[in-house]
Amino acid sequence: MAAASTRSVIDAVFGPDQRDAFARRNGVEPHELEEVVVAEYEHGFVILAKGPWSAEDLVVATGTRMTSVEVSADEPFVRRSGFLGTERRDITAVDEHTVLFTAGVPDLTAAILARVRRGSSPPGAGGGTGGAAVPALGAPDLAPLYARHEGAALALYAPEPLELPPGLGTSLLLARQRALLAVVGPGPGDTLAFGVHLVGEFPPGASANFENLVRSMASTDLGAAIGIRAGLESLQVEVDEGAAIMGLEVPAETLALGLRLVFGGEIAELLAVPGGGG
């Protein structure tokens with residue numbers, strides 16, 4: 001929100017009125033969030049959120065909004081579990097200013113809280129329930145990426161190979177891809193800087209293949225609408241034996257307008273669902 005370019009894009013998909021509605025519904029001002037980790041799993045999700053609020057007060061307030069409370073505990077953590085609308089949710093204060101919010105992963109929630117009690121760092125939402133589970137961002141393919149991009153404004157980690165339909169050129173290009181990191185933040189001038197870092201093994205000539213892939217995306221109506229075409233002059237592609245890195249700077253105004261036109265209705269509907277993910 002501090003940079004004009006990223007703020008304009010945020011306003012396009014999550015405007016002031018929607019942020020106010022979110023705050024009234026959840027007791028959290030989105031612009032006050034200092035750090036957020038979201039991990040998606042097959043049957044649910046984990047959110048760790050840090051901000052200037054009292055985490056315990058936030059948990060108690062969330063409990064009062066639940067249609068039914070199944071778990072209400074104040075020791076060793078202030079925690080409430082129950083239904084928000086028709087969805088079962090679990091929220092816990094893991095320290096003074098950090099809350100853990102989960103759905104559909106009770107074993108993982110218990111494992112995370114056990115790690116917090118042992119003094120382990122909660123971010124990473126470690127995989128599995130064993131005592132020596134490796135945090136998701138500590139996996140061999142992701143740990144170097146996390147160390148390199150820890151300060152990114154927004155980062156998306158995909159710790160497993162992408163599932164692509166067989167027979168496509170892209171599927172062959174990424175057949176031995178193992179992990180992915182995408183980052184975005186304010187770029188030079190009124191742009192957003194996007195970066196994609198793929199880990200894996202890539203065929204000879206992959207650099208040209210990746211460049212052609214981006215240019216092919218830019219040639220579509222969607223690519224033009226969200227600013228890929230306008231940013232092609234800034235495209236950079238670098239491929240070596242174990243990684244492929246791509247960078248692109250997209251005009252913020254073009255991206256914001258494209259997001260409104262293409263996804264505005266869907267995003268508004270998603271954010272309006274009571275008792276949803278947040």
Mark yes or no for whether [X], through its side chain, and [Y], through its backbone, hold a donor-acceptor pair below 3.5 Å.
X: D95; Y: H97; result: yes
X: S171; Y: P165; result: yes
X: T98; Y: V94; result: no
X: R80; Y: G63; result: no
X: R65; Y: R25; result: yes
X: T67; Y: F83; result: yes
X: E35; Y: A49; result: no
X: Q236; Y: E238; result: no

Within a reach of under 6.0 Å around CD of E34, are more than 12 heavy atoms found that belong to other residues, nucleotides or ligands?
-> yes
Cationic N near anionic O, under 4.0 Å, D11 to R260 | no
So, are R19 and E29 salt-bridged, with charged N and O less than 4.0 Å apart?
-> no
Do [X] and [Y] touch side chain to side chain, with heavy atoms closer than 4.5 Å?
X: T62; Y: N26; result: no
X: E96; Y: S54; result: no
X: L174; Y: F210; result: yes
X: V105; Y: V46; result: yes
X: V199; Y: L180; result: no
X: S81; Y: R79; result: yes

Co-membership, hydrophobic cluster, residues [X] and [Y], 4.5 Å side-chain:
X: Y41; Y: L48; result: yes
X: V69; Y: L58; result: yes
X: L198; Y: I245; result: no
X: I226; Y: L154; result: yes
X: L235; Y: L173; result: yes

Pick out which of T102, T92, D90 makes a side-chain hydrogen bond (donor to acceptor under 3.5 Å, both in side chains) with T109.
-> T102
Test side chain to side chain contact (heavy atoms under 4.5 Å, CB included) on V183 and L181 and set out the steps.
-> CA-CA 7 Å; V183 295; L181 163 67; 3.8 Å; yes
Can you tell me how far the [atom1] atom of [X] sits from the [atom2] atom of [Y], to the nearest 0.5 Å?
X: L259; Y: I10; atom1: CG; atom2: CD1; value: 11.5 Å
X: L113; Y: F77; atom1: CG; atom2: CZ; value: 5.0 Å
X: I91; Y: L84; atom1: CD1; atom2: CG; value: 8.5 Å
X: L248; Y: I228; atom1: CG; atom2: CD1; value: 7.0 Å
X: E253; Y: S8; atom1: CD; atom2: OG; value: 8.0 Å
X: R178; Y: L162; atom1: CZ; atom2: CG; value: 12.5 Å

side-chain hydrogen bond (donor to acceptor under 3.5 Å, both in side chains) partners of residues 216-230, not counting sequence neighbours, each pair once = none
Decide yes or no on side chain to side chain contact (heavy atoms under 4.5 Å, CB included) for I47 and V37, but give the supporting numbers first.
-> CA-CA 6 Å; I47 298 175; V37 177; over 6 Å; no
Pair listing, salt bridge (Lys or Arg N to Asp or Glu O under 4.0 Å) test, anchored in residues 185-204, at least two apart = R176-E201
What pairs of residues pass the salt bridge (Lys or Arg N to Asp or Glu O under 4.0 Å) test when at least one of them lies in residues 145-163, not counting sequence neighbours?
-> none
Walk me through it: do Q177 and F202 pass the test side chain to side chain contact (heavy atoms under 4.5 Å, CB included)?
-> CA-CA 7 Å; Q177 174 265 341; F202 305 100; 4.3 Å; yes
Could you please spell out the steps behind the side chain to side chain contact (heavy atoms under 4.5 Å, CB included) verdict for V214 and V237?
-> CA-CA 10 Å; V214 177; V237 178; 5.5 Å; no
